[in-house]
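See structure below.
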Number of protein chains: 2
Amino acid sequence: MNKPAMPGGAVTAVSARRPAIIVAPKSLTQQISDHIRSEIIHDNIKPGEWIREKALTEQFGISRTPLREALQILATQRLIEIIPNRGAVVVALSDDEIRHLLEVYVRLDVFAAELACEKATPLDDETIRRHLATMAEAYHAGDRYTYFDANQAFHLAIAAASHNPVLIEMHAQLNLRLYRTRYLGVLQAENWAKAFNEHEPIAEAFLNRNASELARLVSEHLGFAWRMVSSDEVANAAATPVDLARTA
Amino acid sequence: MNKPAMPGGAVTAVSARRPAIIVAPKSLTQQISDHIRSEIIHDNIKPGEWIREKALTEQFGISRTPLREALQILATQRLIEIIPNRGAVVVALSDDEIRHLLEVYVRLDVFAAELACEKATPLDDETIRRHLATMAEAYHAGDRYTYFDANQAFHLAIAAASHNPVLIEMHAQLNLRLYRTRYLGVLQAENWAKAFNEHEPIAEAFLNRNASELARLVSEHLGFAWRMVSSDEVANAAATPVDLARTA
DNA sequence: CGATTTCATGTTGTCGACAATACGCAAGGC
DNA sequence: GCCTTGCGTATTGTCGACAACATGAAATCG
């Protein structure tokens, strides 16, 4: 195959590649970008941090070509910023940028909810019910991580119920850019109870196909999300503040 | 610098690169992706057509590395699709996909229009007035190309007046994916008059900051755009139909 | 004759090496 | 003292070469 990939966990490359007509093999570039994306949104690589190609190639046991292709993907998704001849930095969101992102995210979420009221199938209903149940369990067990995952799944499921692939993708894209902020927000928020209790009526409005009520609730709910993240700047702290002025 | 880049027009590389603290130099990858994107949306490279790396590297006089990075960008923007070990094809939109794209595009356009009513500056007003004037001139002169450009600029200007960078970018992204379809649509539409005459009231509603009226008009206007493209399948014809089933 | 296998060819995937650029630090000039 | 200049080093940008894979045609077998 390629290098032994001995250091660290890494991507484990592709172990046994069978012809298997059905499943398309994932390209190395895709695997790498997925992995780095995950590291970024889970705050293992901090905003403002420089991404050194050499370090990553050694970590993954690959060459710089697929890595650089992966970086182009992440830059297009606005998770990193590539500065010509200087390298790539993890994007650090300002309060204003978070506000702008949420502003659009809310509208897409509302639109998805409205569409979902028209298009959702019984299977969608069941999925959403299941995620709500998981959230409740995790909430009562005090398990914030599981809660967060279920919460994410809940909102993505509503988007999925719109059955509009374009909307689903746009929604997911914004969700990714906001993921880290919400992740850090949820894990330390005081009024978890309030946030949680808003999901019950949302789910109810959806299951009753009450589009206008659903839109109202979702707007309100995410307005709350904004208040949550905007009040702690911890979520925005950059590990290594970078001066980008010269490249503007 | 690098290769003579002798064949064809090509990218002309970077002619004179000065240190120039103010302006960031555009990377080769960026230049190439911009160029190919332009070729795709202007229908010079047809949907369904395979993108051969060798051909393009020779055309541009560059190596495959920056080209492949450019392709990753275009794939992330959903203008091409990269199929592992097989290559890249220009995306061919089905009628359903166009409908889904327009459905989201309309919502973003409406949202932008509403926001613009709150946030627009006198400068925005002037820009929009100017584009409207250009459209009128081109319309009366029967110049469909200039008209199309001004029409694009008009809609982008409304988005820009929202002063929300995230919204502007999302709007632009969808606009790109729909560009070719609308481009081909406008150039052969019969009821050009109707489409044109709708812009006057839109501009008026905007300049009067009448958000709800503006939203209504924009929705209606783009509903018209949908009827325009949906009725000719010419816009969707693939040069070389490709069977992607095996890679699903 | 039809289905399968083998192989030749073209294309993509990955790599290591070299070139170009930016950065930090020391030396020099005002 | 402070700004400028000139290097050495680290990092990114680009390239050509080779490896892996897919495709289609010829050859083989039933």
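Sequence lines set the chain letters: A, B, ... in the order given, protein chains first and strands last, and positions in each chain run from 1.
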Could you list, one pair per line, each protein nitrogen or oxygen that sits under 3.5 Å from a nitrogen or oxygen of nucleotides 11-13 of chain C, together with the distance?
residue : atom : partner : partner atom : Å
C:dT12  : OP1  : B:Ile51 : O            : 3.3
C:dT12  : OP2  : B:Glu53 : N            : 3.4
C:dG13  : OP1  : B:Asn85 : N            : 3.0
C:dG13  : OP2  : B:Arg68 : NH1          : 2.4
C:dG13  : OP2  : B:Arg68 : NH2          : 3.1
C:dG13  : N7   : B:Arg64 : NH2          : 2.7
C:dG13  : O6   : B:Arg64 : NH1          : 2.9

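Every residue two or more places apart in sequence or in another chain that forms a salt bridge (charged side-chain N to carboxylate O under 4.0 Å, His left out) with A:Asp34 is listed here: A:Arg37. Qualifying ring-ring contact (aromatic ring centres under 6.0 Å, His included) partners for B:Phe111, counting only residues two or more places apart in sequence or in other chains: none. A:Leu156 meets the side chain to side chain contact (heavy atoms under 4.5 Å, CB included) test with A:His171, A:Asn175; sequence neighbours excluded. The side chain to side chain contact (heavy atoms under 4.5 Å, CB included) check on B:Asp149 picks up B:Tyr179, with sequence neighbours excluded. Taking A:His163 as the reference, A:Lys119, A:Thr121, A:Asp124 meet the side chain to side chain contact (heavy atoms under 4.5 Å, CB included) condition, with sequence neighbours excluded. Remark: A:Glu39 pairs with A:His35, A:Asn44, A:Ile45 by the side chain to side chain contact (heavy atoms under 4.5 Å, CB included) rule, at least two apart or across chains.
Between its two ends, the helix from C:dC1-D:dG30 to C:dC30-D:dG1 turns its axis by 10°, counting five pairs per end and rounding to 10 degrees.
For D:dC15, the OP1/OP2 oxygens have a side-chain nitrogen or oxygen of B:Ser63 closer than 4.0 Å.
Whole-Å rounding puts the B:Glu69 CD to D:dT12 P distance at 12 Å. For the pair B:Ile62 CD1 and D:dC15 P, the computed distance is 7 Å after rounding to whole Å. Rounded to whole angstrom, the span from the CG atom of A:Leu56 across to the C1' atom of D:dA10 amounts to 16 Å. Taking atom CG of residue A:Leu67 and atom P of nucleotide D:dT11, one finds them 14 Å apart after rounding to whole Å.
Within the structure, the salt bridge (Lys or Arg N to Asp or Glu O under 4.0 Å) test picks out the following pairs touching residues 161-174 of chain B (sequence neighbours left out): A:Arg78-B:Glu169.
Judged by distance alone, with hydrogens and angles left aside, the side-chain atoms of A:Glu49 form a donor-acceptor pair with the main-chain N or O of A:Lys46 at under 3.5 Å.
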